[in-house]
Amino acid sequence: MTRGNKIRANGEGSIFAIGTPQGKRWKAETTIGYDGAGRRVVASGTGATKAIAIERRDTNRLKLLVMQGKAPSTVLAGREIRINKTSVENYLRSWFESLNPVTVGASTRRQYEGNITRHINPHIGEIPLTLLSRANLRELFYKTLPNKAYDPKNPEKRLGAGAVLNVWKPLNKALKDAHLDGLIQQNPLEGLDRPAPVMKEIDIDTSRPKALLQHLEGDIDQAKWLTSFLLGLRVSEKLGLTWDCIDLDPKEGQPPTITIKQQLSRDHARHGCRSKTDREPVCGKRSAHDCPKRIDGKGLYIKEETKTKNIRKLPIPYELEILLVEHKERWEAVKDSGEINWIEHGDGEDTEKTLSYEPEPGLENLVFTMDNAKPIRHEVENQNWHALCTKYGFTNDRGHISRHTTATMLAEAGVPPEVAKLILGHTSERMTRYYTHLKATKTTLEPLQNFEIQLLGERQEYDFMDLNLDIGKPPVESRK
């Protein structure tokens, strides 16, 4: 049926008849703006009469304006509003339970759950999902969370921009899904500036790995740390290496290889005291490990993928090959006899160690382990790293900085970014460049000097004092 030729004023919208199984009805529409992708945002309403259709359209228009933060919720007072009463908290609970475990790993799920429980539900959880507005979210992300004290031991400490961004991520994903499922007409986070952590320059000391490895000559963990520094492995990848990932007996003419295809992961315990309607654990314990009714996870296990889900097969250089062969022979001796005494020659000191073979079920083939062949837990490896730095007088940076160090040293060694990307297991060269922190040292100075010769033809040497350039630089001769 045609809509007629009546000319309407701007903002008046349109009204036309539609056919339905129940017979003829009227539909009223009006455009209230455009979304971030340039699509029209339309408010509409249907009814048995034109008046009812227009009234419902106008109500829906106000609801959309409230969601967009362009009108206060008080404009809906006195109107007969038919909304889905599902709250943000209830929707997020059902959304979280429906997450695909294949695409959202256990650690990501824990992070999502913690941020939803601690930072989203207490502030906007009771708002009906369909009335969640941009104004609500501006208040949450630009005022509430950045000024939130979260640590009882440090009441003056506030959530950093990185922590606020980690709250943004699951909420944005959930609201996108709600929009795709037709529960809301648009994602109210769309168009808002997401929190941006301040990027601090990381001071990388490329001399530290060399010095540490010199101290570690003869140490039982020498192969582990050389593997870490040389290949820039993530901690989970290093701790999850099994001997079937390492080929020390390749075909003739082929180098030995190491395949990075898995990681050591952990299925944490969960609170058993909390029902679906409880916002906080009933037991009052923050850690599920301390919950009287805790549900134990399966603990440590080998996850058959890396963080970026790509497999990289890397050749093993000569010195690392020798150390890995020695490491394997040592642990095969332990496995055969059950226990051996080993004299460690680390840092010029002889230390006697007792190595035993008591692995955890399913983790019998790990390359790097504790002295009893049990897996090294992530927190223990972090402690090992800090103890190593403290012992030899180095800055106590977090262990993940070693990946930045490896990326930087690869660049200093002239390794092309595309090759460094493969070694480090990054998904893009852009990420590799983020991990690389070159300084104005020989690595960057020599190329610039060569480029200068190309530009000038012959090397020009200037005496800055003779040129009267007040730049605080000594003559060229004194800088050679």
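Just so you know, residue 1 is the first one in the sequence shown, and it goes up from there.
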Can you name the residues that form a ring pair (Phe, Tyr, Trp, His ring centres under 6.0 Å) with [X], not counting sequence neighbours?
{"X": "Phe141", "value": "Trp168"}
{"X": "Phe368", "value": "His327"}
{"X": "His426", "value": "Tyr435"}

Flag if over 12 foreign heavy atoms under 6.0 Å of [atom1], [X]:
{"X": "Lys148", "atom1": "NZ", "result": "yes"}
{"X": "Lys374", "atom1": "NZ", "result": "yes"}
{"X": "Asp181", "atom1": "CG", "result": "yes"}

Counting N and O atoms only, with roles assigned by atom type, does the side chain of [X] sit under 3.5 Å from a partner on the main chain of [Y], one being a donor and the other an acceptor?
{"X": "Asn154", "Y": "Glu156", "result": "no"}
{"X": "Ser94", "Y": "Tyr91", "result": "yes"}
{"X": "Thr108", "Y": "Val104", "result": "no"}
{"X": "Asn172", "Y": "Lys169", "result": "no"}
{"X": "Thr257", "Y": "Leu314", "result": "no"}
{"X": "Arg57", "Y": "Ala28", "result": "no"}
{"X": "Asn60", "Y": "Ser44", "result": "yes"}
{"X": "Ser265", "Y": "Ile302", "result": "no"}

Leu171 and Leu137: side-chain contact (heavy atoms from CB on, under 4.5 Å), yes or no, with the steps?
CA-CA 10 Å; Leu171 183 59; Leu137 297 172; 3.8 Å; yes
Contact summary for [X] and [Y], nearest pair of heavy atoms:
{"X": "Ala161", "Y": "Ala196", "answer": "CB-O, 3.9 Å"}
{"X": "Gly23", "Y": "Thr20", "answer": "O-OG1, 2.6 Å"}
{"X": "Ser87", "Y": "Gly125", "answer": "CB-O, 3.3 Å"}
{"X": "Pro359", "Y": "Leu363", "answer": "CB-O, 4.1 Å"}
{"X": "Cys389", "Y": "Arg208", "answer": "SG-NH1, 3.8 Å"}
{"X": "Ala43", "Y": "Ile32", "answer": "CB-CG2, 4.4 Å"}

side-chain contact (heavy atoms from CB on, under 4.5 Å) partners of Thr206, counting only residues at least two apart:
Ile204, Thr408, Met409, Glu412
Could you give me the CA-CA distance, side-chain angles and deciding distance for Val88 and Glu126, then say whether side-chain contact (heavy atoms from CB on, under 4.5 Å) is met?
CA-CA 6 Å; Val88 170; Glu126 296 180 356; over 6 Å; no
N-O pairing of Glu379 and Arg266 below 4.0 Å
yes
Flag the pair [X] / [Y] as yes when at least one side-chain heavy-atom distance between them is below 4.5 Å, and no otherwise.
{"X": "Leu300", "Y": "Pro375", "result": "yes"}
{"X": "Leu145", "Y": "Val167", "result": "yes"}
{"X": "Leu231", "Y": "Ile258", "result": "yes"}
{"X": "Leu92", "Y": "Leu129", "result": "no"}
{"X": "Leu410", "Y": "Thr436", "result": "no"}
{"X": "Trp26", "Y": "Phe16", "result": "no"}
{"X": "Ser107", "Y": "Arg110", "result": "yes"}
{"X": "Leu230", "Y": "Pro317", "result": "yes"}

Taking side chain to side chain donor-acceptor pair (under 3.5 Å) as the test, write out the residues that go with [X], two or more places apart.
{"X": "Arg158", "value": "none"}
{"X": "Glu381", "value": "Lys224, Lys238, Asn384"}
{"X": "Asn100", "value": "none"}
{"X": "Trp95", "value": "Asp177"}

Pairing donors with acceptors under 3.5 angstrom, does anything connect the side chains of Asn90 and Arg93?
yes
Do Gln262 and Thr306 pair up side chain to side chain, a donor and an acceptor below 3.5 Å, judged on atom types alone?
no
Say you draw a straight line from [atom1] of [X] to [atom2] of [Y]; how long is it, rounded to the nearest 0.5 Å?
{"X": "Ile18", "Y": "Lys24", "atom1": "CD1", "atom2": "NZ", "result": "11.0 Å"}
{"X": "Ile401", "Y": "Thr406", "atom1": "CD1", "atom2": "OG1", "result": "11.0 Å"}
{"X": "Glu113", "Y": "Thr117", "atom1": "CD", "atom2": "OG1", "result": "5.0 Å"}
{"X": "Gln383", "Y": "Ile376", "atom1": "CD", "atom2": "CD1", "result": "12.0 Å"}
{"X": "Ile124", "Y": "Glu139", "atom1": "CD1", "atom2": "CD", "result": "11.5 Å"}
{"X": "Leu320", "Y": "Leu324", "atom1": "CG", "atom2": "CG", "result": "4.0 Å"}

Using the test salt bridge (charged side-chain N to carboxylate O under 4.0 Å, His left out), find all partners of [X] that sit at least two apart in sequence or belong to another chain.
{"X": "Glu237", "result": "Arg234, Arg312"}
{"X": "Lys309", "result": "Glu305"}
{"X": "Lys261", "result": "Asp244"}

Could you tabulate the donor-acceptor pairs under 3.5 Å formed by side-chain atoms of residues 414-425, not counting sequence neighbours?
none

Please determine whether salt bridge (charged side-chain N to carboxylate O under 4.0 Å, His left out) holds for the pair Lys27 and Glu29, giving the CA-CA distance in whole Å, both sets of side-chain angles, and the decisive distance to 0.1 Å.
CA-CA 7 Å; Lys27 183 171 185 177; Glu29 289 184 347; 3.7 Å; yes
Quick one: do His378 and Leu264 satisfy side-chain contact (heavy atoms from CB on, under 4.5 Å)? Show the steps, please.
CA-CA 9 Å; His378 299 73; Leu264 185 67; 4.2 Å; yes
Can you list the steps and then say if Trp385 with Leu212 is a side-chain contact (heavy atoms from CB on, under 4.5 Å)?
CA-CA 11 Å; Trp385 167 254; Leu212 283 176; 4.1 Å; yes
